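Values in this document were obtained by computation on a predicted structure and should not be read as measured data. First listed ligand is number 1; within each ligand, the first listed atom is number 1.
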Amino acid sequence: MRVIIESSAEKVALWSARYIVEQINAKARYTSSPFVLGLPTGSTPLATYRELIRLHRAGEVSFANVVTFNMDEYVGLDKTHEASYHRFMWDNFFREVDIRPENVNIPDGNAADPEHECAEYERRITEVGGIDLFMGGVGEDGHIAFNEPFSSLTSRTRIKTLTPETREVNSRFFGGDISQVPHTAITVGVGTVLSAKRVMILATGARKARAVRHAVEGSYNHQWTVSALQTHPSGIIVCDDDAAGELRVATYRYFKAIESSASGEL
Ligand code: GLP
């Protein structure tokens with residue numbers, strides 16, 4: 001696992017956006033197959049989306065040959081609802097770049113047959129050749145996508161019940177009213193994320209420090225589903241100093257030194 005520790009959330013956004021652009025452009029150099037990008041919602045990736053939009057406008061990247069798969073969506077919210085992940089993605093990213101609407105995949109939280117929708121989602125991922133890079137955030141309790149504590153680490157796309165803690169944390173997107181937060185969501189599984197060729201998890205702010213500690217120094221454990229990243233051949237955590245705040249000093253120094261060495265700074 002690589003752990004990139006930046007001094008601020010803004011620098012996390014710059015690093016992660018640059019990494020995505022490099023990956024998209026690198027694939028385009030050897031194949032005309034689309035780049036398949038897994039994407040999260042939440043406040044953490046917002047700055048990354050802003051930077052990707054800036055890089056797109058600067059002519060450094062095109063999303064015309066990119067297929068996206070979002071991690072999750074609430075069950076029962078209308079796509080136009082302010083807190084729906086459909087709305088979030090279009091408002092904060094897709095509308096501002098040259099992505100083709102038919103290349104955007106977000107689970108349909110209003111599907112008449114939710115189980116079929118989940119199976120179809122996995123099928124579509126397989127059909128395009130799998131996900132090249134899955135970007136994700138992490139919950140305060142270490143969840144990735146909506147894979148709450150004690151989710152199977154081999155899980156695939158399915159419906160999950162949200163914990164009261166997650167509903168409380170996410171109520172800020174529902175005017176602070178927890179009763180408005182859906183109880184369930186469709187989410188890709190931990191196994192779906194780990195099947196991507198590369199996985200990059202973003203974590204910023206002190207509230208994520210415990211999750212980062214469990215992800216990096218803790219055991220591979222279904223209580224902290226983000227810890228499953230330890231088994232991925234190309235897993236990266238990009239965090240700021242605040243989110244790295246619970247790492248041991250030796251761990252912090254190790255990752256700072258090895259990344260400086262890789263970039264020729266040492
Ligand atoms: C939600 C999403 C996750 C996200 C998490 C953290 O629960 N389902 O994908 O990682 O929130 O969000 P934030 O970045 O706002 O802290």
(request) Could you tell me whether Lys160 and Glu148 have a side-chain N and a carboxylate O separated by less than 4.0 Å? (result)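 Salt bridge between Lys160 and Glu148, a charged N being under 4.0 Å from a carboxylate O: no.
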(request) Measure from the ring center of His56 to the ring center of Phe93 and say whether it is less than 6.0 Å. (result)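 No, ring centres 6.0 Å or more apart.
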(message) I'd like to know whether the aromatic ring centres of Tyr74 and Phe173 sit less than 6.0 Å apart in this structure.
(response)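 No.
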(request) Answer yes or no: is there a side-chain heavy-atom contact under 4.5 Å between Pro40 and Phe88? (result)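 Result no, sub-4.5 Å side-chain heavy-atom pair not found.
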(message) At less than 4.0 angstrom from any atom of ligand 1, which residues have a non-hydrogen atom? List them by chain and residue number.
(response)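 Near ligand 1, by chain and number: Gly42, Ser43, Thr44, Asp72, Tyr85, Gly137, Val138, His143, Ala145, Phe146, Asn170, Arg172, Lys208.
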(request) Apply side chain to side chain donor-acceptor pair (under 3.5 Å) to Ser151 and Thr225, showing your working. (result) CA-CA 7 Å; Ser151 293; Thr225 56; 5.7 Å; no
Without placing hydrogens or testing angles, list every side-chain donor-acceptor pair under 3.5 Å for residues 3-13, not counting sequence neighbours.
from	atom 1	to	atom 2	distance (Å)
Ser7	OG	Lys11	NZ	3.3
Ser8	OG	Lys11	N	3.2

